[in-house]
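Residue numbers start at 1 and run along the sequence shown.
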Amino acid sequence: MPNGIYRVPPPVNEPVKAYGPGSPERRELSDAVAALASEPLEHRRVVARAHQAGPREMAAAIKAAREAWQTWSRMPWEARFAIFLKAADLLAGPRRMAANAATMVGQSKTAHQAEIDSAAELIDFWRFNPHFAQTIYADQPISSPGTWNQLEYRALEGFVLAITPFNFTSIAGNLPTAPAMMGDTVIWKPASTAIASSWVIFKILEEAGLPPGVINFVPGPGSLVGPMAIASPDLAGVHFTGSTGVFHSIWEGVAANIRRYRNYPRLVGETGGKDFVFVHASADPTAVVTALVRGAFEYQGQKCSAASRAYVPQSLWPKVRRALVEQLREVRVGDPCVYTHFMGAVIDKASYQNLTGAIASAKRSAACSIVFGGEYDAREGWFI
């Protein structure tokens with residue numbers, strides 16, 4: 001074992017590229033998009049093909065995680081962290097456009113939304129998390145005279161089930177890698193609507209030197225993969241982002257199997273919900289409208305932080321309504337690979353039907369009025 005006190009390089013936030021007209025990054029991204037898609041984005045085109053895991057594949061993944069745990073959990077922390085720091089460098093450099101292009105084509109994000117997500121935010125996760133983990137390891141107990149108290153963090157004994165959402169490639173990359181940094185092995189169940197970008201991230205981790213079995217990429221129906229993992233005695237934890245209903249079912253499943261586990265599984269989850277905007281009478285109407293448009297309509301409102309309701313004083317509503325309509329008239333909806341488009345399609349047919357149902361309900365209601373929009377088109381994609 002080498003002797004030395006190692007320090008993770010100080011992390012800094014990854015600069016966000018602008019993709020302005022004629023810029024080198026726009027040319028690189030356009031080339032990467034062209035390599036994935038030779039025609040406009042539409043729901044009839046296949047973006048990725050993935051095998052669907054069943055009981056045999058899940059058993060193989062659990063076995064691989066169990067075997068990899070023996071060496072991965074004992075690997076020096078600085079050697080583990082080095083892999084993810086290398087992955088950050090790859091994503092910041094030669095793999096940046098591949099991750100962004102897959103996010104644009106597969107999840108209908110614009111260049112800006114992909115850049116701040118699949119590139120900048122995930123790079124930050126992979127650089128700041130080792131820094132924070134080192135801080136945890138370095139926080140040692142005080143020693144009394146004649147003693148030397150030491151605290152060692154052991155990896156969870158078993159595997160962590162990481163269930164990731166479609167709406168952020170960065171979250172898809174963070175949920176399996178955060179526990180892996182701490183010595184855990186992981187079964188990663190990616191969202192079926194984000195297979196392409198998730199696979200790009202997984203291949204970056206492999207390229208950075210992640211050993212086989214540490215993170216096991218297991219696509220498949222959540223109704224099948226989740227219960228099989230939760231029923232395993234080797235389940236040591238769940239790292240989840242998604243709907244409240246699904247997380248409830250995970251808690252219920254773990255509770256029902258609690259006597260089967262070798263340890264008490266740790267459950268960490270972030271669930272769905274939307275924000276509201278409360279406007280004070282003293283607010284600047286122009287600033288309010290900008291916040292509403294960006295908060296409610298960036299990435300088609302498909303974010304946990306998206307504004308879905310606004311409370312506006314009657315005294316401001318005429319000005320807010322007028323300016324809101326003016327700004328929304330400038331918003332372009334269409335293929336996200338066209339740089340002048342502000343919005344793309346929603347993620348799938350179920351989301352489209354949910355939204356069109358809400359619009360139809362508003363149109364039928366005497367208590368509601370549609371200020372702007374209210375149209376939709378499913379011929380080329382799930383566009384609202």
Side-chain angles (χ1 to χ4, degrees), residues 41-43 107-110 112-113 165-168 171 191 193 222 240-249 269-336 340-384:
L41 186 68
E42 55 185 80
H43 55 62
Q107 290 139 269
S108 197
K109 287 203 172 188
T110 63
H112 172 69
Q113 291 295 312
F166 78 85
N167 58 345
F168 279 96
I171 298 177
T193 44
F240 172 86
T241 291
S243 73
T244 302
V246 172
F247 199 47
H248 283 172
S249 69
E270 177 197 4
T271 64
K274 294 291 191 291
D275 285 347
F276 65 87
V277 177
F278 189 91
V279 182
H280 192 269
S282 64
D284 177 0
T286 302
V288 169
V289 170
T290 299
L292 290 178
V293 172
R294 297 190 70 88
F297 298 104
E298 282 193 342
Y299 192 40
Q300 299 76 265
Q302 298 175 124
K303 298 183 178 183
C304 302
S305 57
S308 62
R309 181 172 297 188
Y311 299 90
V312 184
Q314 285 185 336
S315 60
L316 287 185
W317 176 236
K319 290 183 179 178
V320 168
R321 175 174 177 155
R322 183 166 54 252
L324 184 62
V325 170
E326 289 174 358
Q327 283 202 24
L328 289 175
R329 282 181 179 147
E330 299 178 4
V331 168
R332 296 292 176 262
V333 181
D335 182 353
T340 55
H341 289 167
F342 183 76
M343 294 171 62
V346 295
I347 193 62
D348 58 14
K349 184 177 182 180
S351 178
Y352 178 85
Q353 291 177 332
N354 183 46
L355 290 164
T356 56
I359 293 170
S361 177
K363 288 180 176 179
R364 289 192 303 267
S365 174
C368 296
S369 61
I370 294 178
V371 172
F372 187 84
E375 304 300 325
Y376 39 87
D377 190 329
R379 289 173 297 177
E380 299 298 326
W382 309 117
F383 290 104
I384 306 292

Holding to side-chain hydrogen bond (donor to acceptor under 3.5 Å, both in side chains), I want the full list of residues that pass it with Gln113, two or more places apart in sequence or in another chain. Glu298, Lys303
Tell me, please, which residues at least two apart from Asp284 pass side-chain hydrogen bond (donor to acceptor under 3.5 Å, both in side chains). none
In Å and rounded to the nearest 0.5 Å, what is the CG to OG distance from Asp348 to Ser108? 11.5 Å
To the nearest 0.5 Å, atom CZ of Arg329 lies from atom CZ of Phe372 at 6.5 Å
Who are the salt bridge (charged side-chain N to carboxylate O under 4.0 Å, His left out) partners of Asp275, not counting sequence neighbours? none
Considering non-hydrogen atoms only, spot the tightest contact between Gln107 and Thr193 and give its length. CG-O, 3.8 Å
Calculate, to the nearest 0.5 Å, the distance between atoms CD and CH2 belonging to Gln353 and Trp382 respectively. 7.0 Å
Looking at residues at least two apart in the chain, or sitting in another chain, which of them share a side-chain hydrogen bond (donor to acceptor under 3.5 Å, both in side chains) with Thr271? Thr244
Answer whether the closest heavy-atom distance between the side chains of Val320 and Val279 falls below 4.5 Å. no
Tell me whether Lys363 at atom NZ has more than 12 heavy atoms from other residues, nucleotides or ligands lying less than 6.0 Å away. yes
Side-chain heavy atoms of Gln300 within contact of Val346, under 4.5 Å: yes
Show every ring pair (Phe, Tyr, Trp, His ring centres under 6.0 Å) that has at least one partner inside residues 274-332, sequence neighbours left out. Phe276-Tyr311
Sequence neighbours excluded, which residues qualify as side-chain hydrogen bond (donor to acceptor under 3.5 Å, both in side chains) partners of Gln327? Thr290
pair Phe240-Val246: side-chain heavy atoms closer than 4.5 Å: yes
Side-chain touch Phe166/Gln302, heavy atoms, less than 4.5 angstrom: yes
Report yes if the side chains of Tyr376 and Ile359 come closer than 4.5 Å at any heavy-atom pair, otherwise no. yes
Tell me, do Ile347 and Asn167 make a side-chain contact under 4.5 Å, heavy atoms counted? no
